[in-house]
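FYI, the numbering just counts along the sequence from 1. Counting starts at 1 for both ligands and their atoms, in listed order.
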Amino acid sequence: MTPLWTLSCSACDASAFADGTPTVCTACGAPWLIRYPAAPAAATRADLAGRPWTMWRYREWLPIRDDEAPVTLGEGGTPLIAARVVGEELGMTRLFVKDESQNPTGSFKARGLSAAVTRAVRAGVERFTVPTAGNAGVALSAYASRVGLAATVFTPAGTPPRILEQMQTYGAEVRLIDGHIGDCGRASREYAARTGAFDVSTLREPYRIEGKKTLGLEVAEQLGWELPDAVVYPTGGGTGLIGMWVAFRALLKAGWVEGARAPRLYSVQSSGCAPVVKAVLSGADRTERWEDPQTIAWGLRVPAPLGGALMLRAIAETGGGAVAVPDEAMVDDQRLLAHVEGIDASPEGGATLAGLRVLLQQGAVSPTDRVVLFNTGAGWLYRS
Ligand SMILES: *Cc1c(COP(=O)(O)O)cnc(C)c1O
């Protein structure tokens, strides 16, 4: 059957038919973006009312045909929590935390893997592999188990024990690699070449980002089809930031939201691994490999993201920015979110609050802005 969407290269003019298991642009090696012939009409917004609160309520925006059922564990539909106490401390009245820790498997990675596994199974994939700093591996393990397929996960030695335990709980084979996620990526690709397993690595697999788009769609719906002024997001590989950028642009174009501009997108990274921040500050249009990446925020320990250039475009086009925060600051704010807002944030989630403080000081974000911080994962997964 002819797919209803095509692949369009994020860096060159190439486009391609989207069947089987596409990876990266066959002409230049950059990530593919999915292109649909048309966005859902604004009038179809009303159809959402009766649907369950999972990310698949936006199925017209997603790579799925009318006659297909997604591989789902109820991902998405996470709360947008008004952060009143922290907001008051910062002099802000419209500060929200999108709490992605409430997804199946405890992180927003569930969204991308639900979309990727849905397509891969249709394409006849029989086993999976992924390089991961942790949470993507847990999510893949769960979604692969859902369809009765094997998953092998390549993750750095030193990944928090709870995260490893969760992968094993869902039946994945865990391979510990002495190195960072880039080293895991090489091992995973080798394994895929040897065994025929399908590698769902960040942005080497184009459907994960489609799942991440629903972060943006959901925030818009939860704000009554209005967009926030700014989004503060902890970026590693970049799927969340890029997915939201694509979503906000599409929502505006389709007339689903009022207004003329997309939210300013701010990337927060650890000062121990900040390739995006470094590129933004130097005005570069691509990221450079970060030597010796060090941070306790495992999701942010991505020294050479494949989506670097795309993140920089998302940030520049929306008038956003990037800040690096030390691990101690993210841990302090992680604790604060738990103590005063009842949100058991991951270190990455804490990083967004620490980053917001810097953005307020810089005047990049104003206290009157409507701001959404992303708690991308659950704090308990990181504690031993
Ligand atoms: C993977 C991960 C991130 C970074 O993800 P992106 O690909 O940059 O969107 C941030 N936080 C957590 C908890 C993660 O697991």
Side-chain angles (χ1 to χ4, degrees), residues 31 75 78 97-113 115-116 130-141 153 155-156 159-160 162-163 166-167 180-181 184-185 200-205 208-216 231-247 265-270 273-277 287 293 295-308 310-312 314-315 322 325 330 334 337 343-355 373-383:
E75 53 294 321
T78 59
V97 177
K98 179 75 169 154
D99 189 13
E100 288 293 296
S101 73
Q102 298 192 39
N103 276 297
T105 72
S107 81
F108 81 110
K109 294 290 198 302
R111 297 177 189 261
L113 272 310
V130 74
T132 176
N135 288 321
V138 182
L140 174 65
S141 305
V153 174
T155 193
T159 298
R162 285 262 169 92
I163 294 187
Q166 287 294 297
M167 294 167 186
H180 53 66
I181 191 162
C184 296
V200 291
S201 176
T202 300
L203 288 167
R204 285 185 190 280
E205 189 290 331
R208 277 177 66 182
I209 210 164
E210 291 299 295
K212 304 296 170 70
K213 253 174 35 184
T214 62
L215 293 168
V231 166
V232 185
Y233 192 90
T235 52
T239 58
L241 198 80
I242 298 164
M244 272 190 278
W245 173 50
V246 171
L265 298 178
Y266 292 97
S267 157
V268 180
Q269 301 200 295
S270 163
C273 179
V276 174
V277 179
T287 50
T295 170
I296 56 150
W298 287 85
L300 307 188
R301 195 164 166 247
V302 185
L306 182 62
L310 272 174
M311 280 190 264
L312 295 172
I315 291 165
V325 296
M330 66 173 85
Q334 176 186 18
L337 285 170
I343 297 169
D344 180 18
S346 58
E348 295 84 351
T352 63
L353 178 52
L373 307 179
F374 272 82
N375 175 37
T376 40
W380 64 267
L381 278 164
Y382 295 68
R383 286 188 282 269

### Query
Do any nitrogen or oxygen atoms of Leu241 lie less than 3.5 angstrom from nitrogen or oxygen atoms of ligand 1?
no

### Query
With atoms numbered from 1 as shown, which atoms in ligand 1 lie under 4.0 angstrom from a non-hydrogen atom of Lys109?
1 (C), 2 (C), 3 (C), 5 (O), 14 (C), 15 (O)

### Task
Examine Leu300 against ligand 1 and note whether any of their N/O atoms are separated by less than 3.5 Å.
no

### Query
Side chain of Gln334, backbone of Ala345: donor and acceptor closer than 3.5 Å?
yes

### Task
For Pro234, take its heavy atoms, then give the atoms of ligand 1 lying under 4.0 Å from any of them.
4 (C), 10 (C)

### Task
Heavy-atom contacts with Thr376 under 4.0 Å: which atoms of ligand 1 show up? List them by number with element.
10 (C), 11 (N), 12 (C), 13 (C)

### Message
Within the structure, is a non-hydrogen atom of Phe108 found at a distance of less than 4.0 Å from ligand 1?
### Response
yes

#### Entry: atom 9 (O) of ligand 1: the protein heavy-atom neighbour that sits closest, reported with distance to 0.1 Å
Gly240 N, 2.8 Å

### Query
Is there a donor in the side chain of Thr239 and an acceptor in the side chain of Arg208, or the other way round, less than 3.5 Å apart?
no

### Task
Verify the distance criterion only: is there a donor paired with an acceptor across the side chains of Thr78 and Glu100 at less than 3.5 Å?
yes

### Query
Residues two or more places apart in sequence or in another chain: which of them pass side chain to side chain donor-acceptor pair (under 3.5 Å) with Tyr233?
none

### Numbered atoms and elements of ligand 1 in range of Tyr382, under 4.0 angstrom, heavy atoms
13 (C)

### Query
Should you measure from each heavy atom of Asn135, which atoms of ligand 1 turn up under 4.0 Å away?
13 (C), 14 (C), 15 (O)

### Task
Consider ligand 1: state whether an atom of it lies below 4.0 angstrom from any non-hydrogen atom of Thr235.
yes

### Query
Between the main-chain N or O of Trp380 and the side-chain N or O of Arg162, is there a donor-acceptor pair closer than 3.5 Å?
yes

### Task
Consider ligand 1: state whether an atom of it lies below 4.0 angstrom from any non-hydrogen atom of Tyr233.
yes

### Message
Strictly distance-based, threshold 3.5 Å: is any side-chain N or O of Gln269 a donor or acceptor partner for the main-chain N or O of Val277?
### Response
yes

### Message
Determine whether a donor-acceptor pair (N or O, by modelled atom type, separation under 3.5 Å) exists between the side chain of Glu348 and the backbone of Thr376.
### Response
no

### Summary
If you compare Ala139, Gly238, Gly137 by their heavy atoms, the one closest to atom 8 (O) of ligand 1 turns out to be Gly238

### Message
Whether the side chain of Thr235 engages the backbone of Gly238 through a donor-acceptor N/O pair (distance < 3.5 Å, no angle test) should be reported.
### Response
no

